[in-house]
Protein chains: 4
Amino acid sequence: MGSTGRVGRPPAGDSAETRRRILHAARIRFARDGYRATTNRLIADDVGITPGAIYHYVESKAELYAAVYCDTVDHVYTDFERVVAGERHLLAQFSAVLERACDLQMNDPSITGFIVAVAQETQRHPDLLALLSPQRGRHSRFFTGLVEAAAERGELQADVDQRALADLLGAVLSGLARMSAAAGDPKRYTAAVEVLERFFDGSLVSVRS
Amino acid sequence: MGSTGRVGRPPAGDSAETRRRILHAARIRFARDGYRATTNRLIADDVGITPGAIYHYVESKAELYAAVYCDTVDHVYTDFERVVAGERHLLAQFSAVLERACDLQMNDPSITGFIVAVAQETQRHPDLLALLSPQRGRHSRFFTGLVEAAAERGELQADVDQRALADLLGAVLSGLARMSAAAGDPKRYTAAVEVLERFFDGSLVSVRS
Amino acid sequence: MGSTGRVGRPPAGDSAETRRRILHAARIRFARDGYRATTNRLIADDVGITPGAIYHYVESKAELYAAVYCDTVDHVYTDFERVVAGERHLLAQFSAVLERACDLQMNDPSITGFIVAVAQETQRHPDLLALLSPQRGRHSRFFTGLVEAAAERGELQADVDQRALADLLGAVLSGLARMSAAAGDPKRYTAAVEVLERFFDGSLVSVRS
Amino acid sequence: MGSTGRVGRPPAGDSAETRRRILHAARIRFARDGYRATTNRLIADDVGITPGAIYHYVESKAELYAAVYCDTVDHVYTDFERVVAGERHLLAQFSAVLERACDLQMNDPSITGFIVAVAQETQRHPDLLALLSPQRGRHSRFFTGLVEAAAERGELQADVDQRALADLLGAVLSGLARMSAAAGDPKRYTAAVEVLERFFDGSLVSVRS
DNA sequence: CATGAATGAGACTTCATTCAT
DNA sequence: CATGAATGAAGTCTCATTCAT
């Protein structure tokens, strides 16, 4: 909106700050509404600028998505890699990741919301794929790497399908994140993770028949 | 079939048949590309009609989505309710549902693909919510019902958060379905479910320390 | 515009006729204002439709240009080829072409106006080139062909640069067409051609000193 | 140079020099890409400044065009007037102009390229007309003046349409300039002029039957 | 003198939807 | 029942221009 019909440079616009606000607003919208339904106007309105101004910071909507992806993947997987480093076993690592994701979720649900939607969006908008590929590796190899390491440590039965296990872990994490996004309540993620932990340690079911 | 005892119309170019084909094509598109990116033209092209003709069968794109939802929810939960009726314990019921979903997935990935996307789509396009609500109950109360029944049977510790458990089960199922959709390969769903089953019966990890 | 805010199919729109009117309006605009300055809205206003309606007839503005090109090149060079067939010598052929171009010019100045602008437009908008290339040959080889034939008939000194001669003939024709377009008066083309003819037959200058 | 006896300013980063570079870059762009497709940013990039800086030197893009026009017309017609002064007959004067234009063309094709596009641009962007009119006279009356003088010298048959002859000469010159611009090769201008000269002196055609 | 953030108008294009036929 | 011409709103993006710094 810009408050007045004024034109020209605003009194004291901090450029880096504006960029951050654009990326932040974009992540929230992309996470909640998806790539397609997120219009430049919605993002611009959230930031308090006009749609065209976005093009001072990114070259296109697709590049905006890629910029958000870059930021967010870096943030999330740096975190995840740190917490798994503190654990020795696959299940403990997975638990630690789930808990770290809880924190992220409570702190800013758009972070996990964005990440878990990426796979769908790239499938729906193949032009995004090319822009994201430089960073895709880190994302897609996280659970694969965890499982491989566990196998090397001899934690798994020899005949386990490693890709399927990595798929499972990823699916559980993203299923939970999406559930809480759909519920609009990050606490439901936390609660569900707690139930899952109880399942792991056997305190869920009353009697095992 | 069954709505009216229609008689005498030629079998080819049948109106009810055309409606079915529209709903089917729409489900595939909605599941793969999402509500927004699915245009009437794409659906019409798949069916072999023109976009305007869709309006003979539904009043709007949103109502088309609702019609698909109605059909699909009915199909899926009738199936699911049937298989859970054959099991006595929550975990067995969940396993049965996962296996039934495997079959659906192999048979027509658009069925589960559509269902697991509904929550996101209604959040992204709130106008869909009103049209879907008549049928939302069945969908959202499925796992809740399973968990409640298990609690009544005394299968759960008394302090278990039932909604969280239902959320967890739903999240795992939809996480798996989405993973396989993203992978574009229903067999990865099957494989991941097999790993999950091995987790249940303890044959996944080599040694429990 | 559309006279009323009505929507839906107009009472009796002849589709082929509308297409012709779009191409015609587009040719006039392209010839006078150039590709860039010619907006879909201007064309649509000329035709009495909305800008989006153009996309029922062509896939893009560039394809509209190509369609106009196709039509116009065909029209012009069919004419030109017919008149040169009636003449034996290069100069007579060129005169015949100039005269035929007079008629075209008087009849519809946008025809020659469009043709003589094509080279510039394709240079300025390289994406047009690809769309036009299927038809470019006819255009670019017309004078080349005339000159080659004249050389084969032995009309030219052996050392004449044939490409330069073809360039000259093309330049004179298009220079004249453009002059009259700039003047906004087709009669100035006719008058200039008459002067040129008098130059050919020696009745221009009063005495050669 | 010469406007004011500027003294003491450092030679580098000189304001007048920057203005010259802007005008030069603008002429090249205007000549090659046209007024519309030439953006302030392209010009600024060529010069090594930012688009906003252009507004320190001219008040608008249209005035920039006018400034280029002013410079270029002055340059070209001062040249042309000098060479025609050395000739006695219309045809010789025209030849001299064609040859001088050859030199210009080889030296800096943007000069003639700009000039021959002016008529079109003013037609396409009527707002330019007002800004150019102060200088239009020199341009439009050059060949008119030549022809009038020739008529006064008795070189022409009495019934010759003088405006048409001036139109013809202008059309030939600008047709040739444009042809070479389209070909992207100034040598084709030179070659075509040579052929035209051979036409004048009768050494083009092998036999006049 | 110059930058660069920002605007606002407007371009091309897509699409759900309508309706005469 | 179906077509297909047409609309109008909206979306992405471009660009001349302004102005605080």
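Source: prediction; values computed, not measured. Letters A, B, ... mirror the listed sequences (proteins, then strands); counts begin at 1.
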Starting at OH of A:Tyr65, measure out to OH of A:Tyr35 and round the result to the nearest 0.5 Å. 9.0 Å
When the distance from CD1 of A:Ile54 to P of E:dG8 is rounded to whole Å, what number comes out? 15 Å
If pairing requires Watson-Crick or G-U wobble contacts with both distances under 3.5 Å, which nucleotide is the partner of F:dA20? E:dT3
Quick one: which of E:dT13, E:dA5, E:dT7 gets closest to the side chain of C:Pro51? E:dT13
Between B:His125 and A:Ala37, the two heavy atoms sitting closest are CE1-CB, 4.1 Å
Find the distance C:Tyr57:OH to E:dT13:P and express it as a whole number of Å. 17 Å
Output for pair (A:Asn40 CG, A:Ile54 CD1), nearest 0.5 Å, gives 4.5 Å
Between C:Thr18 and F:dA5, is there a contact of a side-chain N or O with OP1 or OP2 at under 4.0 Å? no
At 4.0 Å (heavy atoms only), tell me whether B:Ile49 reaches a base, stays on the sugar-phosphate, or touches nothing. sugar-phosphate
Side-chain heavy-atom pair B:Thr39, B:Ile43 within 4.5 angstrom cut-off: no
Looking at OH of D:Tyr69 and CZ of D:Phe114, how far apart are the two atoms once the value is rounded to the nearest 0.5 Å? 8.0 Å
Expressed in angstrom and rounded to an integer, what is the separation of D:Asp45 atom CG from E:dT3 atom C1'? 13 Å
Of C:His56 and D:Thr50, the one whose nearest nucleotide on DNA chain E sits closer to the 5' end is D:Thr50
Can you tell whether the side chains of B:Lys61 and B:Glu121 come within less than 4.0 Å, N to carboxylate O? no
Where is the tightest heavy-atom contact between D:Val47 and D:Arg21, given as atom of each residue plus distance? O-NH2, 2.6 Å
Walking DNA chain F from its 5' end, the first of C:Ile22 and A:Tyr55 to be reached, judged by nearest nucleotide, is C:Ile22
Of A:Glu59 and B:Ala53, the one whose closest nucleotide on DNA chain F sits nearer the 5' end is B:Ala53
d(CD, B:Glu17; P, F:dA2) in whole Å: 11 Å
Between E:dA6 (P) and A:Arg21 (CZ): distance, integer Å: 9 Å
E:dC15 P sits how many Å from B:Asp33 CG, rounded? 11 Å
Close N or O pairs between protein and nucleotides 9-11 of chain F (under 3.5 Å):
none

Does E:dC12 have a Watson-Crick or wobble mate here (both distances under 3.5 Å), and if so which one? F:dG11
Rounding to an integer number of Å, can you tell me how far B:Tyr35 OH sits from E:dA16 P? 8 Å
To the nearest Å, give me how far apart CG (C:Leu64) and P (E:dA11) are. 15 Å
